[in-house]
Amino acid sequence: MKLCVLSGKGGTGKTTVSAGLAGLAGWHYIDCDVEEPNGFIFLKPNGITGEVVTVECPEIDAGKCTLCKRCGEVCRFHALVTTKKGVMAFDKLCHACGACALVCEPGAIQYGRRRVGLVEQGISGNIIALRGVLDVGEQMPVPVLRHLLNKLPEGVCVLDCPPGTSCSVATVISHADYALLVTEPSAFGLHDLDLAVKLLRSRDMHFGVVINKHLPGEKLISGYCRENNIPILGTIPYAREAAEVYSAGRLLTELPVYRKALEDIAEKVKAGVMAWN
Ligand code: SF4
Ligand code: SF4
């Protein structure tokens with residue numbers, strides 16, 4: 001079973017819940033937030049090894065180039081610009097679609113490879129912890145994500161998604177069987193929760209909601225979930241000590257009340273997954 005944890009809005013506690021569930025239930029942890037992976041801070045894996053991720057990029061043979069401009073015209077990503085002196089390639093804009101080499105009649109375009117990031121793996125207790133790390137200055141996380149998702153271990157994995165509802169999130173959820181939406185009771189939280197719900201429903205995915213930073217009497221998120229027939233799998237209470245544990249890089253499950261909340265959520269996820277299979 002692959003469980004993706006997403007949030008719509010950043011800062012709702014998605015990684016706190018993901019790392020807490022993984023450590024507690026013995027599920028492998030996969031940090032898919034490749035632009036800002038911070039799950040290893042909490043799980044502290046040992047024996048970390050890494051693999052470099054590369055992508056194709058065009059290389060122009062100036063000796064063969066006739067400056068015809070066709071490559072720049074066909075590139076939808078504006079990664080090639082023909083000047084009077086030659087073709088300038090902006091590698092970070094290239095999506096490696098191959099169109100430029102197809103239209104280049106003199107065969108002046110070949111593809112090389114360049115590094116865009118890393119995939120790292122370590123062991124935390126009895127679980128495997130994996131993460132993708134996009135290099136500083138790189139703009140396209142999806143190649144790193146694809147490399148990471150090709151390495152998912154057997155067994156239950158928690159896929160800690162990037163924030164938002166971008167193509168990175170869509171890439172991750174396409175590898176998941178079930179989704180957990182972590183949200184917070186605020187207007188922004190509700191707005192972005194609704195976007196994430198629409199994304200998951202467009203993919204026909206089963207999912208439930210966890211309300212983080214929950215206070216007694218909360219109606220904003222619970223009312224939305226009731227109106228939209230979305231199961232609430234648990235609530236995580238709002239308390240200063242939770243922020244203190246988080247900021248010290250420790251797992252929330254060190255605190256008994258949070259451990260119990262995450263144990264209940266893990267049980268409901270298991271029950272939900274069994275019901276749908
Ligand atoms: S299509 Fe080929 S020949 Fe034409 S400008 Fe581009 S690299 Fe040069
Ligand atoms: S491979 Fe595609 S995206 Fe990259 S430079 Fe060529 S046409 Fe543009």
Side-chain angles (χ1 to χ4, degrees), residues 2 4 6-8 10 30-38 49-121 130-152 159-176 179 192 195-196 198-200 202-205:
K2 310 301 179 213
C4 66
L6 65 158
S7 62
I30 320 296
D31 197 339
C32 302
D33 189 0
V34 302
E35 292 180 70
E36 198 175 351
N38 61 355
T49 56
E51 281 178 17
V52 169
V53 182
T54 61
V55 294
E56 284 191 327
C57 59
E59 292 174 349
I60 315 295
D61 182 341
K64 291 184 181 174
C65 177
T66 59
L67 303 179
C68 73
K69 298 187 178 176
R70 294 187 69 192
C71 54
E73 288 164 2
V74 80
C75 180
R76 295 178 60 191
F77 305 100
H78 310 293
L80 296 173
V81 175
T82 311
T83 69
K84 288 179 183 170
K85 293 184 179 172
V87 178
M88 295 171 67
F90 297 90
D91 289 341
K92 290 181 181 175
L93 299 179
C94 174
H95 284 57
C97 71
C100 51
L102 281 177
V103 300
C104 180
E105 287 181 3
I109 301 178
Q110 301 294 320
Y111 291 100
R113 299 201 74 85
R114 68 182 189 87
R115 173 185 159 141
V116 291
L118 271 176
V119 167
E120 294 182 320
Q121 176 170 334
L130 273 165
R131 70 174 178 182
V133 186
L134 187 68
D135 282 351
V136 173
E138 290 298 333
Q139 299 166 28
M140 288 183 290
V142 172
V144 177
L145 267 178
R146 288 205 181 113
H147 194 105
L148 174 68
L149 293 165
N150 277 336
K151 295 181 70 66
L152 294 183
L159 311 180
D160 185 359
C161 286
T165 49
S166 65
C167 56
S168 296
V169 177
T171 300
V172 180
I173 66 176
S174 67
H175 286 71
D192 290 357
L195 293 177
K198 285 175 176 148
L199 173 65
L200 291 172
S202 74
R203 304 297 173 100
D204 290 328
M205 280 197 73

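Keep in mind it's a predicted model, so treat the numbers as computed, not measured. Order of appearance sets the numbers: ligands from 1, and atoms from 1 within every ligand.
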Give the atoms of ligand 2, by number and element, whose distance to some non-hydrogen atom of His95 is under 4.0 Å. 3 (S), 4 (Fe)
Ligand 1 atoms in contact with Cys65 (distance to a heavy atom under 4.0 Å): 3 (S), 5 (S), 7 (S), 8 (Fe)
Is the backbone N or O of Thr171 less than 3.5 Å from a side-chain atom of His175, with the two atoms forming a donor-acceptor pair by type? yes
Nearest protein heavy atom with distance in Å, relative to atom 4 (Fe) of ligand 1: Cys68 SG, 2.3 Å
Considering heavy atoms of the protein only, find what lies nearest to atom 2 (Fe) of ligand 1 and give residue, atom and distance to 0.1 Å. Cys104 SG, 2.3 Å
Does Cys94 put an N, O or S atom under 2.8 Å from atom 2 (Fe) of ligand 2? no
Using a heavy-atom cut-off of under 4.0 Å, does the side chain or the backbone of Glu105 touch ligand 1, or both, or neither? neither
Could you identify the single nearest non-hydrogen protein atom to atom 8 (Fe) of ligand 2 and state the distance to 0.1 Å? Cys75 SG, 2.3 Å
Under 4.0 Å to a heavy atom of Leu80 - the qualifying atoms of ligand 2, by number: 5 (S)
CG on Leu118 to CG on Asp135, rounded to 0.5 Å: 6.5 Å
Hey, are the side chains of Asp160 and Cys32 touching, using non-hydrogen atoms and a 4.5 Å cut-off? no
Please state which part of Thr66 comes within less than 4.0 Å of ligand 1, counting heavy atoms only: side chain, backbone, both or neither. both
Checking only N/O/S atoms, does Cys71 have one that is under 2.8 Å from atom 8 (Fe) of ligand 1? no
Can you measure from CE (Met140) to CG (Leu145) and round to the nearest 0.5 angstrom? 12.5 Å
Give the numbers and elements of all ligand 2 atoms closer than 4.0 Å to a heavy atom of Tyr111. 1 (S)
Are Met88 and Thr83 close enough that some pair of their side-chain heavy atoms sits under 4.5 Å apart? yes
Salt-bridge criterion met for Arg114 and Glu138 (N-O under 4.0 Å): yes
Atom indices of ligand 1 within 4.0 angstrom of Ile109 heavy atoms, with elements: 7 (S)
Any side-chain heavy atom of Cys71 within less than 4.5 Å of one from Cys104? no
Considering only heavy atoms from C-beta outward, does the side chain of Val34 approach that of Ser168 to under 4.5 Å? no
Contact check, side chains of Pro58 and Tyr111, non-hydrogen atoms, under 4.5 Å: yes
Quick check on contacts: which atoms of ligand 2 are under 4.0 angstrom from a heavy atom of Phe77? 3 (S)
Counting heavy atoms only, which part of Pro106 comes closer than 4.0 Å to ligand 1: side chain, backbone, both or neither? side chain
